[in-house]
Number of protein chains: 2
Amino acid sequence: MSGNSNAVRSAKASPSRAGLDRRAARRASTRQEIVDAAWQLAREHGLSGLSMRDLGDRVGMRAQSVYSYFASKDEIYDAMFREGYAAFVERMDDYDPAPGTDARTSLRLFAHRHFAFCTSDPVRFQLLFLRTIPGFEPSPESYAVAVRALASIQTTMARFGVTDPDASDLATAVFTGLTSQQIANDPGGDRWERLVDRAADMLLAEVAPHLHDARPESNEDEETR
Amino acid sequence: MSGNSNAVRSAKASPSRAGLDRRAARRASTRQEIVDAAWQLAREHGLSGLSMRDLGDRVGMRAQSVYSYFASKDEIYDAMFREGYAAFVERMDDYDPAPGTDARTSLRLFAHRHFAFCTSDPVRFQLLFLRTIPGFEPSPESYAVAVRALASIQTTMARFGVTDPDASDLATAVFTGLTSQQIANDPGGDRWERLVDRAADMLLAEVAPHLHDARPESNEDEETR
DNA sequence: GTCTATAATCTGATAGAC
DNA sequence: GTCTATCAGATTATAGAC
């Protein structure tokens, strides 16, 4: 957008700056198209059932051409991993309860958001939180995104008064536990979803008992949505 | 072992009853050998990385011969699933604290046992509790074993006074959550193992607060092993 | 029950023409 | 950057001899 606009109409022998930008944009958009298709296929055939051939078919290429965009299948998993955690952070950070909302209500909201994010896409949940693909290890850069995501949970919880350093580890354990049991043992049902509010309260009582007891009014059995 | 011992030396044209027993026993033992090898290989190459070829090699057969014992790869997963849940039930049922042990200590013991069982074999954990193999669904008989296992948790918890019907669902969520986070995000470490006692106390306070508060002496910060 | 042979297909990945 | 051609091998599973 800034500077170099006088270079736009330069010689066509070597591509102009704008030409490079366009090419890069085109390439990025194709990469995105491939990753989108990879998510689709993973949902259809399982995460480890993803194949380069299917992937090529889905984006209208020969499988081999996909290698012009990603050097290997694991690089595609890596892009999915990074994108998944980016979505997680975005989803967890845009959480914005009314000012003055008590900790109990805030944590319940947070818990529901976490649960909904995870159960809405079991394959993504598996990739981000379970890590069960035989050969795959996220690249250092992608792993850094994951670590930042966990840190962001800590920050969010501090926003409503929970400062226990182990609280976020306990929280992720409880929330991913609810999610994985729901997905594995009652897919489509609500056997563990029903317990989300209760789990949030349980957690708050443990990591910040003062915030748990000092609630504005008695809302012991109300549900938060 | 009992009866029919007079049939042992019958005509060799049609196999004797004892001969049938021996043959059945031999067949069962080979099946077991195959399942054992399957566990081994799954631990080496991942659950979805199991192949009939490797399996045949490992038991000293051609891969094709394995089909004389199991009609398909999924039948092998099914046998592993059933065996895994049988081991789980056995492990959780032989739990036998000294009579009069308070609920807090009992639940901590139970939690550690659950955590140890799950983390000691991540592949088994994945098969029993995560169910992430693309095509595989356990057979009705095997699924019945799994359901019985969950019921047995309920019974065990009732033994030390926890009778809340949702308690076992909340408990499995918390315990599998701790396990999966440990396996996925800190393999070989103790980042979530450290939180097992705390999680057990948290759980007890939620599902049976009277048992939580009415503890014999103050052992708030002691660890149970 | 185990073997050989093989079907029929899928796998990830590379070389080189255009 | 996309293609064809192809490698080099894997996969599950079946047919039929012994």
Side-chain angles (χ1 to χ4, degrees), chain A residues 12 14-15 19-38 40-42 44-81 133-137 139, chain B residues 12 14-16 19-38 41-42 44-80 132-137 139:
Chain A
K12 43 184 166 174
S14 80
L20 278 172
D21 286 352
R22 242 213 316 262
R23 196 178 305 178
R26 173 121 200 100
R27 188 178 166 79
S29 114
T30 304
R31 271 181 66 106
Q32 187 59 54
E33 223 181 299
I34 290 170
V35 172
D36 290 346
Q40 256 183 50
L41 287 166
E44 292 169 25
H45 306 133
L47 203 46
S48 53
L50 179 66
S51 88
M52 298 299 271
R53 254 179 177 73
D54 292 347
L55 194 46
D57 284 0
R58 189 60 62 99
V59 295
M61 272 180 196
R62 308 267 77 169
Q64 301 89 318
S65 303
V66 178
Y67 286 91
S68 303
Y69 296 92
F70 293 94
S72 70
K73 195 180 159 183
D74 274 1
E75 255 193 29
I76 294 173
Y77 281 133
D78 199 61
M80 294 167 80
F81 182 88
I133 314 176
F136 171 66
E137 286 266 1
S139 65
Chain B
K12 47 187 166 176
S14 79
S16 69
L20 279 172
D21 285 354
R22 247 217 308 268
R23 198 178 302 176
R26 172 123 200 98
R27 189 179 164 80
S29 114
T30 304
R31 272 180 67 106
Q32 186 59 53
E33 224 181 301
I34 290 169
V35 173
D36 291 347
L41 287 165
E44 292 169 27
H45 306 132
L47 204 47
S48 52
L50 179 66
S51 87
M52 298 300 268
R53 249 186 178 68
D54 293 346
L55 194 46
D57 285 359
R58 190 60 62 100
V59 294
M61 270 179 197
R62 307 268 72 167
Q64 301 90 317
S65 302
V66 177
Y67 286 91
S68 304
Y69 296 93
F70 294 93
S72 71
K73 195 180 160 183
D74 274 0
E75 257 194 27
I76 294 171
Y77 281 133
D78 199 60
M80 294 166 79
T132 52
I133 315 176
F136 170 66
E137 285 265 1
S139 64

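Here the structure is a predicted model, which means the values were calculated and not measured. Below, chains carry the letters A, B, ... as their sequence lines are ordered, and counting in each starts from 1. Quick note: numbers below take in every heavy atom, side chains included, and nothing from hydrogens, waters or symmetry partners.
The heavy-atom pair separating A:Ala63 from A:Arg53 by the smallest distance is CB-CA, 3.6 Å. When all heavy atoms of B:His45 and A:Pro134 are compared, the pair lying nearest together is O-CB, 3.7 Å. Here the closest non-hydrogen pair linking A:Leu55 and A:Ile76 is CD2-CD1, 3.5 Å. Considering every non-hydrogen atom in both A:Val66 and A:Met52, the closest pair reads CG1-CE, 3.9 Å.
A:Gln40 and A:Asp36 share no donor-acceptor pair across their side chains, judged by distance under 3.5 Å alone.
Put simply, the residue from A:Leu50, A:Asp57, A:Leu47 that forms a side chain to side chain contact (heavy atoms under 4.5 Å, CB included) with A:Leu41 is A:Leu50.
Both B:Gln64 and B:Arg27 lie close to DNA chain C; mapped to their nearest nucleotides by heavy-atom distance, the more 5′-ward contact belongs to B:Arg27. With DNA chain D read from its 5' end, the first of the two nearest nucleotides for A:Arg53 and A:Ala63 is the one closest to A:Ala63.
Residues meeting the salt bridge (charged side-chain N to carboxylate O under 4.0 Å, His left out) test with B:Glu44, sequence neighbours left out: B:Arg58.
When DNA chain D is scanned 5' to 3' for any atom under 4.0 Å from a heavy atom of chain B, the first and last hits are D:dT11 to D:dT14.
Side-chain atoms of A:Phe136 and A:Met80, non-hydrogen and from C-beta on, never get closer than 4.5 Å to each other.
At a threshold of 4.0 angstrom between heavy atoms, the contacts of A:Leu55 with the nucleic acid are absent. Looking at heavy-atom distances under 4.0 Å, A:Ser51 makes contact with sugar-phosphate atoms alone, never a base.
Taking atom CZ on A:Arg62 and atom C1' on C:dT14, their separation rounds to 16 Å, with Å as the unit.
The stretch residues 67-77 of chain A touches DNA chain D through A:Ser68, A:Tyr69, each having a heavy atom within less than 4.0 Å of the strand.
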